[in-house]
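Let me begin by presenting the structure, written as structure tokens, before commenting on it.
Heads up: numbering here begins at 1 and tracks the sequence. These figures come from a predicted structure and were not determined experimentally.
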Amino acid sequence: MARQYPLDQYRNIGIIAHIDAGKTTTTERILFYTGKTHRLGSVDDGTTVTDWMVQERERGITIVSAAVSAEWKGYQINIIDTPGHIDFTAEVQRSMRVLDGGIVVFDAVQGVEPQSETVWRQADRYGVPRICFVNKMDRIGASYERSIESIRRRLGANPLAMQLPIGSESSFRGAIDLLTRQAWVWEEELGTEPHQVEIPSDLLPLVDEMRARLVEQVAETDDDLTLKYLEGQDITVPELKAALRRAVIAGKAAPVFCGSSLRNKGVQPLLDAVIDYLPSPSDIPPVIGTHPHTQAEVERPAKDDAPMSALVFKIVSDPYVGRLAYFRVYSGKVVNGGMAYNPAKDRRERVGRLLRMYADRREDVSEVMAGDIGAILGLKESFTGDTLCDASNPVLLETISFPAPVISVAIEPKTTADQDKMSEALHKLSEEDPTFRVHSDEETGQTIISGMGELHLDILVDRMLREFRVQARVGKPQVAYREAITRTVEKAEYRHIKQSGGRGQYGHVVLKMAPGEPGSGIVFENGIIGGSIPKEYIPAVEKGVREAAEAGVLAGYPVVDVTVKLYDGSFHEVDSNDMAFKVAASLAFKEGIHKGGPVLQEPIMKVEVLTPEEFMGEIIGQLNARRGEIQSTEMRPGNTQSVIAMVPLAEMFGYATDLRSGTQGRGVFTMEFDHYAQVSDNVARMILA
């Protein structure tokens with residue numbers, strides 16, 4: 001099948017933002033104006049294309065990222081609508097990994113909100129070029145200038161105002177394009193035909209001033225244009241657009257547009273900007289991976305005739321067709337009925353059916369080419385973060401890393417008939433969601449599920465009931481504590497000797513242990529010089545250390561942030577083996593933890609509360625009572641105060657109810673995991689008791 005569009009006419013973009021900024025509504029308008037849908041869906045009515053799950057429609061929030069494709073002015077645009085709620089941050093993370101560009105949506109009243117910062121940092125991490133859309137310009141208190149200022153101040157970005165709004169709040173009706181000096185207004189209800197009008201005379205001086213500033217900002221990003229600008233020469237619109245496109249792709253600038261998606265205003269210029277400024281797969285540098293056998297660096301250019309390489313970024317368990325694997329092709333093409341090699345698992349996979357996804361609907365295709373996104377039915381061994389490639393030209397692409405779960409609950413089936421169904425449902429859900437973990441507590445025999453927050457686990461239990469017909473009871477939430485050491489241990493030693501008729505076991509290790517950097521986990525260093533332990537036993541020592549770290553000495557919580565250096569030991573020519581060194585390392589590590597002043601650590605959440613000013617005292621009192629540390633307070637538009645605090649997760653259960661009652665239902669809060677911190681002695685005593 002020949003490629004429908006040239007590679008430079010593809011755009012893979014994500015729509016990312018804080019919860020409730022209008023991502024799904026913006027996606028819905030894009031699908032309508034590109035002719036993909038023939039009626040406007042509404043989040044409130046539960047009729048949008050991308051929020052297709054029952055739970056999404058009931059709650060009016062996006063839970064899973066949905067992929068759709070549309071066509072605009074001869075360009076193919078693959079769009080992923082991502083969730084805004086912090087509990088579903090994994091969906092944003094994996095989408096960012098495979099996208100070439102992003103539209104970041106901001107609420108014109110609130111500007112940059114906490115989750116806006118989180119998604120911006122995720123986009124920075126994966127080097128995703130962005131354009132900004134200041135949405136909800138029709139709301140009371142909306143301000144385009146203030147939103148741009150908050151992008152500059154809170155995100156450290158370089159936002160460029162590309163438009164000037166015509167009218168404000170309820171009288172907002174259009175925007176002036178500062179580059180072309182064209183004014184557009186949206187007068188009809190559906191907003192399908194924007195009308196070009198004369199620039200209102202009272203705005204002309206401001207347009208001149210803002211355009212001059214924009215030209216200067218764009219010229220600063222390009223040496224040739226800087227020279228032209230300083231010499232006072234005229235710079236043409238195509239030159240400005242080309243320079244701005246280069247600046248956006250290089251991450252030096254973020255063009256800002258405005259509109260109101262719900263009122264159908266300003267979406268078409270945003271689509272034009274996607275084509276003008278966001279990169280195609282051919283604008284992105286070749287993807288870099290490693291050769292699975294030689295570990296040499298391998299480049300894969302975005303070309304159809306290059307060896308095939310693709311990354312699986314999402315797994316969905318469909319009750320009707322089985323397991324669907326969403327993937328992005330970086331080079332070559334994936335062909336229906338062909339073979340793919342998974343280098344991480346060293347397995348060959350047969351490509352069953354190839355699909356192009358349209359939210360929860362799908363169409364069969366015969367091949368998916370470089371730069372495109374598709375889905376495969378029938379993969380047995382490949383999961384999120386796995387590479388698929390050509391077996392004769394293997395490459396291992398960078399996988400996707402996810403945050404560790406911070407909250408756990410015990411779950412049990414209501415009846416014995418639900419027992420088998422429950423384990424199958426949990427297995428399928430954990431395959432789909434890398435931040436959802438399931439394990440058995442050996443002491444109590446309970447099944448424990450862990451996730452990113454109360455809402456995350458609530459949704460998963462709800463899905464078990466609806467999709468898998470499993471009735472389950474859920475226990476009280478438990479916090480994922482950690483253990484760490486507070487001082488350096490110069491010598492932690494263990495000699496494992498076991499004699500039993502015939503060949504015995506001998507392993508002897510000496511470790512040095514020190515507190516590590518926050519978030520570093522267990523760092524193992526081999527400091528053996530002179531061969532007191534043969535090289536072949538070092539991996540067994542590391543394995544013993546890591547296994548021992550899974551359960552600490554205080555309460556059996558995982559040990560984190562410890563640097564372990566193996567610097568001495570001894571071996572026996574006949575009796576030494578991997579098992580002996582693994583046992584010795586494990587027991588030496590445990591001894592070192594005892595000597596290192598072990599402490600409990602708890603997850604600390606960054607909490608932002610938005611409240612009317614009159615309830616400020618109540619909010620601060622509530623947070624202090626929950627062991628919160630107030631970091632900052634800030635006045636927001638509309639007599640609203642923002643309070644940012646660091647609060648232990650253990651104290652945040654049930655906070656939503658307290659906040660509602662303390663603010664007459666007018667306060668809202670968001671929280672995200674920030675770091676682990678030592679638990680105070682009296683709280684630690686209560687936990688250990």
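In terms of the salt bridge (Lys or Arg N to Asp or Glu O under 4.0 Å) criterion, residue partners of Glu424 (sequence neighbours excluded) are, by chain and number, Lys428. In this view, Tyr537 and Phe581 satisfy the ring pair (Phe, Tyr, Trp, His ring centres under 6.0 Å) rule, not counting sequence neighbours. Considering only residues two or more places apart in sequence or on other chains, Asn577 meets the side-chain hydrogen bond (donor to acceptor under 3.5 Å, both in side chains) condition with none of them. Residues passing the salt bridge (Lys or Arg N to Asp or Glu O under 4.0 Å) test with Lys491, sequence neighbours excluded: Glu493. Scanning for salt bridge (Lys or Arg N to Asp or Glu O under 4.0 Å) contacts around Glu483 gives an empty result, with sequence neighbours left out. Looking at residues two or more places apart in sequence or on another chain, you find no salt bridge (Lys or Arg N to Asp or Glu O under 4.0 Å) involving Asp578. Not counting sequence neighbours, Tyr494 has no partner by the ring pair (Phe, Tyr, Trp, His ring centres under 6.0 Å) test. Applying the ring pair (Phe, Tyr, Trp, His ring centres under 6.0 Å) criterion to Phe669, with sequence neighbours excluded, gives Tyr655. In this structure Phe383 satisfies the ring pair (Phe, Tyr, Trp, His ring centres under 6.0 Å) test with no other residue, sequence neighbours excluded.
Under a 3.5 Å cut-off, the side chain of Ser309 and the backbone N or O of Tyr330 do not form any donor-acceptor pair. Side-chain N or O atoms of Arg487 include none that pairs as donor or acceptor with a backbone N or O of Ile485 at under 3.5 Å. Formation of a donor-acceptor pair under 3.5 Å by the Arg350 side chain with backbone atoms of Gly378 is not found in this model. Counting only distance, with no hydrogens or angles, the side chain of Thr435 and the backbone of Gly451 share no donor-acceptor pair below 3.5 Å. Side-chain atoms of Asp561 do not come within 3.5 Å of backbone N or O of Gly516 as any donor-acceptor pair. Listed for the Glu349 side chain is a donor-acceptor partner under 3.5 Å among the backbone atoms of Lys380. Side-chain atoms of Ser570 never come within 3.5 Å of backbone atoms of His508 as a donor-acceptor pair (strictly under, hydrogens ignored).
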Quick one, Arg97 with Phe313, criterion side-chain contact (heavy atoms from CB on, under 4.5 Å). Give me CA distance, side-chain angles, the key distance, then yes/no.
CA-CA 8 Å; Arg97 174 68 179 80; Phe313 67 93; 5.8 Å; no
Could you give me the CA-CA distance, side-chain angles and deciding distance for Asp418 and Arg473, then say whether salt bridge (Lys or Arg N to Asp or Glu O under 4.0 Å) is met?
CA-CA 11 Å; Asp418 287 320; Arg473 277 193 290 267; over 6 Å; no
Which is it for Glu381 and Arg347 under the salt bridge (Lys or Arg N to Asp or Glu O under 4.0 Å) test, yes or no, and what are the steps along the way?
CA-CA 7 Å; Glu381 306 278 344; Arg347 290 290 175 89; 2.9 Å; yes
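Side-chain contact between Asn624 and Ile630 is present, with at least one heavy-atom pair separated by less than 4.5 Å. You'll find the side chain of His675 stays beyond 4.5 Å of the side chain of Pro518, heavy atoms only. The shortest side-chain heavy-atom distance between Asp124 and Arg130 falls under the 4.5 Å cut-off. At least one side-chain heavy atom of Lys314 sits less than 4.5 Å from a side-chain heavy atom of Val316. Using a 4.5 Å heavy-atom threshold, the side chains of Met422 and Phe468 count as separate. At a threshold of 4.5 Å between non-hydrogen side-chain atoms, the residues Val679 and Val599 do not count as touching. Annotation: side chain of Ser520 is not in contact with side chain of Thr563 (no heavy-atom distance under 4.5 Å). Here the side chains of Phe673 and Ile604 are not in contact, with every heavy-atom distance at 4.5 Å or above.
Between Thr384 and Pro434, the shortest heavy-atom distance links the atoms CG2-CG, 4.0 Å.
The distance from atom CG of Leu379 to atom CD1 of Ile315, rounded to the nearest 0.5 Å, is 7.0 Å. Taking CD1 of Ile288 as the start and CZ of Arg300 as the end, the distance is 12.0 Å to the nearest 0.5 Å. Separating the CD1 atom in Ile411 from the CG atom in Leu457 is a distance of 9.0 Å, to the nearest 0.5 Å. With rounding to the nearest 0.5 angstrom, the CZ atom of Phe524 is 5.0 Å from the CG atom of Leu566. In this structure, CD on Glu297 lies 8.5 Å from OG1 on Thr290, to the nearest 0.5 angstrom.
The existence of a salt bridge linking Asp568 and Lys512 is excluded, since no basic side-chain nitrogen approaches an acidic carboxylate oxygen closer than 4.0 Å. Using a 4.0 Å cut-off between a side-chain N of Lys or Arg and a carboxylate O of Asp or Glu, Glu591 and Lys595 qualify as a salt bridge.
Within a 6.0 Å sphere centred on CD of Glu629, other residues, nucleotides and ligands contribute 12 heavy atoms or fewer. Summarising the local packing, CD of Gln295 is surrounded by more than 12 heavy atoms from other residues, nucleotides or ligands at distances under 6.0 Å. When the shell of 6.0 Å around NZ of Lys421 is examined, it contains more than 12 heavy atoms from other residues, nucleotides or ligands. Counting non-hydrogen atoms of neighbouring residues, nucleotides and ligands closer than 6.0 angstrom, the CZ atom of Arg348 reaches no more than 12 such neighbours. Other residues, nucleotides and ligands contribute at most 12 non-hydrogen atoms within 6.0 Å of the CE atom of Met579. Surrounding NE2 of His427 are at most 12 heavy atoms belonging to other residues, nucleotides or ligands under 6.0 Å away.
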Name every donor-acceptor pair, under 3.5 Å, that has one atom in a side chain of residues 644-652 and the other anywhere in the protein, sequence neighbours excluded.
unit_1, atom_1, unit_2, atom_2, d
Glu651, OE2, Arg627, NE, 2.9
Glu651, OE2, Arg627, NH2, 3.3

Going by atom type alone, with no hydrogens or angles, which donor-acceptor pairs under 3.5 Å involve a side-chain atom of residues 388-396 and a protein atom two or more places apart or on another chain?
unit_1, atom_1, unit_2, atom_2, d
Asp390, OD1, Ser392, N, 3.3
Asp390, OD1, Ser392, OG, 3.1
Asp390, OD2, Ser392, OG, 3.4

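Tested against Tyr126, the residues Ile400, Leu99, Val98 include a single side chain to side chain contact (heavy atoms under 4.5 Å, CB included) partner, Ile400.
Sorted by first and then second residue, the ring pair (Phe, Tyr, Trp, His ring centres under 6.0 Å) pairs involving residues 558-580 (not counting sequence neighbours) form an empty list.
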